Amino acid sequence: MTTTVAIEVTDLSKSFKSKPALKNIFCTIKQGEMVAVVGASGSGKSTLLRHLNGLLSGDSGRVAIFGTALQTDGRNHSKIRSLRSQMGCIFQQFNLVNRLSVIENVLIGNLSRLSLVRSILHLFTKQEKLQALAALERVGILEQAYKRASMLSGGQQQRVAIARCLVQGAKIILADEPIASLDPESSRKVMELLVELNRENGITVVTSLHQIQVVRNYFNRTIALRTGKVMFDGATLELNNAKLQEIYGAATDELVMRGHSDIA
Ligand code: ADP
Ligand code: MG
């Protein structure tokens, strides 16, 4: 049986005003994997995820999605739109359109221009609306469907973002610190949902996190970044506290948060 490669990053580097943020990154993520990207603040987690969906262009190197190049040496390929449509994004800051209802947010996907959104909302078919409701049921917030997005808690808003990925038919979910602004209970629910979509729908999940306890609970594989370099890529089990100390030194404290081990 051959395993499909979902994401392939080859020698990717990126600097912001000559300050390196990613240094010669190589990584291969297979379809159906659930991978954590960890690192202290400023280590390049968000920058890496933004390169995976083409929100940022590298200075050099290549990103390919399901075998098709998305960007090479800073140049976006013509297929970028269709590749992007296979990837759903979840961000730390809940990026819903607050003035729209929950179901409208699910339907519009990643469209952000409100005027355009308003003009196309009535174009959605009954079937699409039913699909959106089914996705909201799947993430456990069907009863919130007609509330304004701004009325929802942070955890519920992240679940709307996940429902949006489902409706979009995403084969890959990129989540940038999706639980950083959530309480432990909401964090647990969001993480369990991502695990469920990975196991049951075969969605490839790449999530950046800075809490090593959460990583150990949910991810078999971890990529650890420090100042834009991959310092570790392997079984999370091997990333024990001694290994963390070796990689991060004093910054380990940022990853092993005291008193936050209650996210089970
Ligand atoms: P993390 O998500 O791990 O906290 P980031 O990817 O946000 O790290 O940042 C990595 C490095 O790149 C940091 O030094 C940060 O200051 C820098 N950086 C990120 N985005 C920008 C930007 N848009 N402009 C300038 N510097 C940036
Ligand atoms: Mg970040």
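Read the numbers this way: they start at 1 and go in the same order the structure lists the ligands and their atoms. No experiment lies behind these values; they were computed from the predicted model shown.
Using a 4.0 Å cut-off to heavy atoms of Ser43, the atoms of ligand 1 that qualify are 1 (P), 3 (O), 8 (O). The ligand atoms of ligand 1 that sit less than 4.0 angstrom from a heavy atom of Thr47 are 5 (P), 6 (O), 9 (O), 10 (C), 19 (C). Residue contact check: Ala40 has heavy atoms under 4.0 Å from atoms 3 (O) of ligand 1. Shown in contact with Ala21 at under 4.0 Å from a heavy atom are these atoms of ligand 1, numbered in order with element: 11 (C), 12 (O). Ligand-side atoms of ligand 1 in range of Ser41: 4 (O), range being under 4.0 angstrom from any heavy atom.
Between Val195 and Phe219 the shortest side-chain heavy-atom distance does not fall below 4.5 Å. Using a 4.5 Å heavy-atom threshold, the side chains of Glu196 and Arg138 count as touching.
For the 3.5 Å distance criterion, the side chains of His210 and Ser41 fail to qualify, holding no donor opposite an acceptor. Side chains of Ser46 and Asp176: a donor-acceptor N/O pair is present below 3.5 angstrom, by distance only.
Metal site remark for the Mg ion (ligand 2): Gln92 contributes no N, O or S atom at a distance under 2.8 Å.
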task = Output, in order, the C-alpha distance, side-chain angles, deciding distance and verdict of side-chain hydrogen bond (donor to acceptor under 3.5 Å, both in side chains) for Arg99 and Asn105.
result = CA-CA 9 Å; Arg99 286 190 283 161; Asn105 268 281; over 6 Å; no
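Backbone and side-chain nitrogen or oxygen atoms of Gly44 are examined, and one is located within less than 3.5 angstrom of a nitrogen or oxygen of ligand 1.
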